Amino acid sequence: MSSPLADLVLPWFRAEARDLPWRRPETTPWGVLVSEFMLQQTPVNRVEPIWNVWMQRWPRPSDLAAAPRADVLRAWGKLGYPRRAIRLHDAAAAIAEQHGDEVPSDVDALEALPGVGSYTARAVAAFGYGLRAPVVDTNVRRVVARAVHGAGDAGPARVRADLADVDALLPPDDDSAAVVSAGLMELGAVVCTARTPHCGLCPASSVCAWVANGRPAYDGPRKPVQGFAGTDRQVRGKLLDVLRDSPGPVPRAALDAVWSDAGQRDRCLDSLLVDGLCEQTDDGRFALPA
DNA sequence: CATCCGTGGAA
DNA sequence: TTTCCAAGGAT
């Protein structure tokens with residue numbers, strides 16, 4: 001159940017792991033959960049300062065659950081995808097009310113929380129509790145595609161097969177497996193990178209099927225690149241920016257000023273209301289939810 | 001399964 | 001400048 005790849009990655013990670021704050025021994029499973037929410041599609045260097053503030057301010061799930069939505073959204077700042085902040089807030093409430101203020105260690109219980117999917121559930125089990133759980137993120141999928149399958153990059157996700165691939169790499173015991181899981185992610189993040197992999201620095205190049213194949217270029221289907229300019233995502237971001245920066249409710253005119261296309265603007269404002277990222281006051285103004 | 005959901009830094 | 005993409009999840 002272990003693997004040559006794991007045997008190389010494990011000691012490399014023990015020696016070379018970045019000193020990220022959520023990896024320090026004093027970090028609680030709650031701290032790990034918060035870090036995983038923030039790291040969903042957001043780079044490490046932008047998460048670090050925000051995570052530090054959150055841990056000081058809301059050291060337990062019940063602390064965050066007790067905070068007003070507006071405070072949570074302002075503290076989230078410009079990390080992006082603010083619905084994650086809403087889901088984390090809701091997850092904190094569920095943990096406080098249904099799990100005695102303790103983050104579950106069971107993968108199924110974790111996956112039942114808002115905003116927690118296959119990746120985040122296993123990441124919390126592995127990094128928060130030191131359990132053996134196959135953690136499959138974009139880094140790990142790329143490392144496995146190269147080192148195991150000899151491909152230049154990972155194709156579309158195949159959830160079951162990807163989990164099985166990683167499960168087959170992990171050592172049998174919890175402690176080692178959790179370290180290997182972190183190590184595979186770290187390898188993908190700093191060495192086996194998407195654009196220019198640093199095979200000369202890779203601890204696993206001797207067992208890498210991609211290197212053995214002569215590093216062939218990826219030929220499969222490319223994941224579609226998302227545009228941003230002119231999308232609802234951009235408009236929602238601009239609207240939310242106004243709401244975050246204002247200490248109280250703003251008149252509709254303040255929101256109208258950020259985007260000229262009235263139809264798109266209204267659609268986006270509606271979607272923010274639906275998502276719980278915005279509220280309308282009795283006098284018709286708009287604000288972050290209380 | 002494809003698309004949507006923010007933001008900003010690097011190539 | 002444009003393009004890519006960064007520890008995903010929900011629908």
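Model, not experiment: these values are computed from the prediction. For the numbers below, each heavy atom of this structure counts, side chains included, while hydrogens, waters and symmetry mates do not. Throughout, protein chains are lettered first and strands after them, A, B, ... in sequence-line order, and every chain is numbered starting at 1.
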Going by salt bridge (charged side-chain N to carboxylate O under 4.0 Å, His left out), A:Arg141 matches just one of A:Asp162, A:Asp153, A:Asp165. Which one?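 Between A:Arg141 and the candidates, salt bridge (charged side-chain N to carboxylate O under 4.0 Å, His left out) is satisfied uniquely by A:Asp162.
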Rounded distance (Å) that lies between atom [atom2] of [N] and atom [atom1] of [X]:
| X | N | atom1 | atom2 | value |
| --- | --- | --- | --- | --- |
| A:Trp76 | B:dG6 | CH2 | P | 12 Å |
| A:Arg122 | C:dG8 | CZ | P | 15 Å |
| A:Arg141 | C:dG8 | CZ | C1' | 12 Å |
| A:Asn45 | B:dG8 | CG | P | 12 Å |
| A:Leu239 | B:dC5 | CG | P | 12 Å |
| A:Leu163 | C:dG8 | CG | C1' | 14 Å |
| A:Asp241 | B:dG8 | CG | P | 8 Å |
| A:Leu110 | C:dA7 | CG | C1' | 16 Å |

Taking any heavy-atom pair under 4.0 Å as a contact, classify [X]: base, sugar-phosphate, or nothing.
| X | result |
| --- | --- |
| A:Leu79 | base |
| A:Arg267 | nothing |
| A:Pro156 | nothing |
| A:Phe37 | nothing |
| A:Asp275 | nothing |

Ignoring backbone atoms, test whether A:Arg236 places a side-chain nitrogen or oxygen under 4.0 Å from the OP1 or OP2 oxygen of B:dG6.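 For B:dG6, OP1/OP2 do have a side-chain N/O of A:Arg236 under 4.0 Å.
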Quick check on A:Arg60: does its CZ atom have over 12 non-hydrogen neighbours (other residues, nucleotides or ligands) under 6.0 Å away?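 Atom CZ in A:Arg60 is not crowded, with 12 or fewer foreign heavy atoms closer than 6.0 Å.
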Using a cut-off of 6.0 Å, state whether more than 12 heavy atoms not belonging to A:Arg24 lie near its atom CZ.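 Above 12, so yes.
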Lys/Arg-Asp/Glu bridge criterion (N-O < 4.0 Å) met for [X], [Y]:
| X | Y | answer |
| --- | --- | --- |
| A:Glu279 | A:Arg285 | no |
| A:Arg267 | A:Asp270 | no |
| A:Asp71 | A:Arg57 | yes |

Approximate separation, where rounding is to 0.5 Å, of A:Arg74 CZ and A:Leu243 CG: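 Result: 8.5 Å between the selected atoms.
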[atom1] spacing across the pair [N] / [M], given as an integer number of angstrom:
| N | M | atom1 | result |
| --- | --- | --- | --- |
| C:dA10 | B:dC1 | C1' | 13 Å |
| B:dG8 | C:dG9 | P | 23 Å |
| B:dC5 | C:dC5 | C1' | 15 Å |

Suppose we screen for side chain to side chain donor-acceptor pair (under 3.5 Å). Which residues come up paired with A:Thr120, at least two apart in sequence or across chains?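 Expected list: A:Gln40.
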Collect all protein-nucleotide pairs involving nucleotides 4-6 of chain C in which both atoms are nitrogen or oxygen and the distance is under 3.5 Å.
residue	atom	partner	partner atom	Å
C:dC4	O2	A:Arg195	NH2	2.4

Can you tell me if A:Arg122 and A:Ser118 form a side-chain donor-acceptor pair at under 3.5 Å?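 Side chains of A:Arg122 and A:Ser118: pair found under 3.5 Å.
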Residues of residues 13-28 of chain A with any non-hydrogen atom less than 4.0 angstrom from an atom of DNA chain C: list those, numerically ordered, please.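 Residues of residues 13-28 of chain A under 4.0 Å from DNA chain C: A:Arg18, A:Leu20, A:Trp22, A:Arg23.
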Between A:Lys78 and A:Pro224, which is nearer to the 5' end of DNA chain B once each is assigned its nearest nucleotide?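 Counting from the 5' end, the first nearest nucleotide belongs to A:Pro224.
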Which residue lies toward the 5' end of DNA chain B, A:Asp232 or A:Ala157, if each is placed at its nearest nucleotide?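 Of the two residues, A:Ala157 wins.
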Short N/O separations, protein against nucleotides 9-11 of chain C, under 3.5 angstrom:
residue	atom	partner	partner atom	Å
C:dG9	OP1	A:Gly117	N	2.9
C:dG9	OP1	A:Thr120	N	3.0
C:dG9	OP1	A:Thr120	OG1	2.6
C:dG9	OP2	A:Tyr119	N	3.3
C:dA10	OP1	A:Gly115	N	3.0

Test of understanding: with salt bridge (charged side-chain N to carboxylate O under 4.0 Å, His left out), list the residues that count as partners of A:Arg84, not counting sequence neighbours.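 Listed in chain order: nothing, the list is empty.
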Are A:Phe228 and A:Val235 connected into the same hydrophobic cluster when the rule is that any two of I, L, V, M, F, W, Y join if their side-chain heavy atoms are below 4.5 Å apart?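 No, A:Val235 and A:Phe228 fall in different hydrophobic clusters.
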Do A:Val116 and A:Leu33 come close enough that some side-chain heavy atom pair is under 4.5 Å?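 Yes; the side chains approach each other to less than 4.5 Å.
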What residue pairs, at least two apart or across chains, pass ring pair (Phe, Tyr, Trp, His ring centres under 6.0 Å) with a residue in residues 39-73 of chain A?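 Listed once each, the pairs are A:Trp22-A:Trp51, A:Trp54-A:Trp58, A:Trp54-A:Trp76.
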